[in-house]
Peer 1: 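The structure is given below, and queries will be raised subsequently.
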Amino acid sequence: MSLTEINFDGIVGPSHNYAGLSLGNIASASHGGDPSYPRAAALQGVAKMRGNLARLGVQGFLLPLPRPNHALLDALALDETTPPQLRAAAWSASSMWTANAATVSPAPDTVDGRCHLTPANLVTMLHRAQEWPDTKRQLAIAFGDIAHFAIHDAVPPSFGDEGAANHMRLCESHDAPGVEVFVYGRPGGRFPARQHEQASRIVARRHGLDPARTVFIEQNPEAIAAGAFHNDVVAVANGRVLFTHAEAFADQQNAYDAIRAAFPALEVVEVPSCAVTLQEAIRTYLFNAQLLTLPSGEMALIVPEECRESASVWGWAEGMLASNGPIRQVIPVDVRQSMANGGGPACLRLRVVCDPARVDPRFLLDEAKANRIERVIAQTWPEQIDPADIGSDALAASVIAARLALLDALDLAQLG
Ligand code: SUG
């Protein structure tokens, strides 16, 4: 059996819109009310997947969830006094950010030798809390081979769980036992701390992780207050490398020490605040990057285009490349439509280390399938959604039909 890391990107759904739903997510707040471009958004996502398929030879995807969510609309008992954000919640395409779909512990880390997945309950935000039952249904199909995968229910409320966005894994190689690092926030700041410590601990126990190879770290409250609503806005790990802003954790040195105690080979690539301020890191999403091990063994960092446009971030990146560290390439990608809602390249993917032969092949990308997906998007995804369109019957009919056309094209009508 050959275990490899597969990135499962969320295909951007046809109802993608900017409703300003996520308190503490600066991009979401500042773009709330803007027109959105679902077709362009989804095509940007497919282009990112194509690039990584070419680089890595393997790429997966997850399908948009059904929107508008009629059960949620009914439950909200909407009338003319209802704030528009409540209606918009039931229309959100937020499942595109699959880093929040689940926490994944690969087989070499777990007591029963299976890959464990716990869908994130996402209870802090109404528009995200509706996701997990449908996400679980999809994961149970994609990873339905129960000899190799275990799919759990979400952690019970009120312990907020945001999935892989607050989870990092360090390892000598993806198929070797790793050290799993859970990063939680403490409530009390100006913005919600979405990941509760107990949620992280519940996930670690359920997945049967070895306590000696599991680390729990507090996120820096000032990072949350500055807009790092998930840890993956300020840090990312791959292999032996932790790529992090200097202000990511509540006690930065203790965090490194705790990880190193469990994983002595740790290599930290830290970006100091004097090079890139916390605010600029959050604005450009430098750390919301995909840190990939290429077949050559080199690491590449897939960053948003916004990084190249920032003098301080790009200056730091050029200096880092010249210094001959473990990250050998920095590759910008255009995911601007997702970025405007606070979702960078890393938000758009869920990493699952497993044997690709054990995954339902309908969820794995190849060039022909990428062409097919693009064709359906080009033909059926709305070109533009204005905030006033949310709630219209005509738009509802068109986004429902668009999603069903994609499910049909991928032989996944059972998700309908
Ligand atoms: O949960 N934005 C998402 C962005 C998620 C990013 N994911 C990671 N960092 N892994 C969120 O805040 C905005 C929706 C709106 O405002 O319409 C939104 O949900």
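Order of appearance sets the numbers: ligands from 1, and atoms from 1 within every ligand.
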Peer 1: What protein heavy atom sits nearest atom 5 (C) of ligand 1, and how far off is it?
Peer 2: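 Here the nearest protein heavy atom works out to R128 NH1, 3.5 Å.
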
Peer 1: Would you call D109-R169 a salt bridge at under 4.0 Å N-O?
Peer 2: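 Yes.
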
Peer 1: Starting from atom 19 (O) of ligand 1, locate the nearest protein heavy atom and write down its residue, its atom name and how far away it is, to 0.1 Å.
Peer 2: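 Of every protein heavy atom, H127 NE2, 2.6 Å lies nearest to atom 19 (O) of ligand 1.
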
Peer 1: To check your reading of the model: name the closest protein heavy atom to atom 13 (C) of ligand 1, its residue, and the distance in Å.
Peer 2: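 Nearest protein contact, heavy atoms only, for atom 13 (C) of ligand 1 is N341 OD1, 3.3 Å.
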
Peer 1: Could you establish whether R194 and ligand 1 come within less than 4.0 Å of each other, counting only heavy atoms on the residue side?
Peer 2: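 True for this residue.
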
Peer 1: Which ligand 1 atoms does N17 reach within 4.0 Å, using its non-hydrogen atoms?
Peer 2: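 The list of qualifying atoms is 17 (O).
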
Peer 1: Measure the acute angle between the ring planes of H116 and H207, then classify it against the limits of 30° and 60° as parallel, tilted or perpendicular.
Peer 2: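 Rings of H116 and H207: tilted, as their planes differ by 30° to 60°.
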
Peer 1: I'd like to check whether N25 has a polar contact with ligand 1, where a contact means an N/O of the residue lying under 3.5 Å from an N/O of the ligand.
Peer 2: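 N/O-N/O distance under 3.5 Å: yes.
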
Peer 1: Just which atoms of ligand 1 are under 4.0 Å from any heavy atom in S28?
Peer 2: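 The list of qualifying atoms is 13 (C), 15 (C), 16 (O).
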
Peer 1: Considering only heavy atoms of A99, which atoms of ligand 1 have at least one such atom less than 4.0 Å away?
Peer 2: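 The list of qualifying atoms is 10 (N).
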
Peer 1: List the closest protein heavy-atom neighbour of atom 8 (C) of ligand 1: residue, atom name, distance to the nearest 0.1 Å.
Peer 2: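 Minimum-distance protein heavy atom for atom 8 (C) of ligand 1 reads C347 SG, 2.8 Å.
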
Peer 1: What protein heavy atom lies closest to atom 17 (O) of ligand 1? Include the residue and the distance to one decimal.
Peer 2: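 Of every protein heavy atom, A19 N, 3.0 Å lies nearest to atom 17 (O) of ligand 1.
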
Peer 1: Looking at K48, R349, R351, which hits salt bridge (charged side-chain N to carboxylate O under 4.0 Å, His left out) with D9?
Peer 2: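 Result for salt bridge (charged side-chain N to carboxylate O under 4.0 Å, His left out) with D9: K48.
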
Peer 1: Any N or O of L21 that comes nearer than 3.5 Å to an N or O of ligand 1?
Peer 2: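 Between L21 and ligand 1 (N or O atoms, distance only) the closest approach is under 3.5 Å.
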
Peer 1: Provide the closest heavy-atom pair for N121 versus A154 in the form atom of the first, atom of the second, distance.
Peer 2: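 Here N121 and A154 meet closest at CB-CB, 3.8 Å.
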
Peer 1: Name all residues meeting the ring pair (Phe, Tyr, Trp, His ring centres under 6.0 Å) criterion together with F263; count only those two or more places apart in sequence or in a different chain, and write none if there are none.
Peer 2: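 F263: no ring pair (Phe, Tyr, Trp, His ring centres under 6.0 Å) contacts found.
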
Peer 1: Out of Q290, H174, M168, which one pairs with N238 under the side chain to side chain contact (heavy atoms under 4.5 Å, CB included) rule?
Peer 2: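 When side chain to side chain contact (heavy atoms under 4.5 Å, CB included) is applied between N238 and each of Q290, H174, M168, only H174 qualifies.
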
Peer 1: Distance under 4.0 Å to a non-hydrogen atom of G20: what atoms of ligand 1 satisfy this?
Peer 2: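 Taking each heavy atom of G20 in turn, ligand 1 has 15 (C), 16 (O), 17 (O) under 4.0 Å.
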
Peer 1: Run the contact test for G342 against ligand 1 with a 4.0 Å cut-off on heavy atoms, strictly below, and give the result.
Peer 2: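 Yes, that is the case, since the closest heavy atom of the residue is under 4.0 Å from the ligand.
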
Peer 1: So which of T124, N100, L23, N166 gets nearest to atom 7 (N) of ligand 1, if we judge by its closest heavy atom?
Peer 2: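 That would be N100.
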
Peer 1: Minimum heavy-atom separation for P14 and I385, please, with both atom names.
Peer 2: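 Smallest interatomic distance, heavy atoms only, reads O-CD1, 3.6 Å.
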
Peer 1: Polar contacts were defined as any N/O atom of the residue lying under 3.5 Å from an N/O atom of the ligand; does this apply to D232 and ligand 1?
Peer 2: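 Yes, since at least one N or O of D232 sits under 3.5 Å from an N or O of ligand 1.
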
Peer 1: Test of understanding: with ring pair (Phe, Tyr, Trp, His ring centres under 6.0 Å), list the residues that count as partners of F8, not counting sequence neighbours.
Peer 2: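 Only F143 meet the ring pair (Phe, Tyr, Trp, His ring centres under 6.0 Å) criterion with F8.
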
Peer 1: For F216, is the NZ or CZ atom of R201 found under 6.0 angstrom from the centre of its six-membered ring and inside 45 degrees of the ring axis?
Peer 2: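 Yes, R201 lies over the aromatic ring of F216.
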
Peer 1: For A165, counting its heavy atoms only, list the atoms of ligand 1 lying under 4.0 Å from any of them.
Peer 2: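 Checking each atom against A165, I get 10 (N).
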
Peer 1: Measure the acute angle between the ring planes of F363 and F61, then classify it against the limits of 30° and 60° as parallel, tilted or perpendicular.
Peer 2: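 Geometry flag for F61 against F363: tilted rings.
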
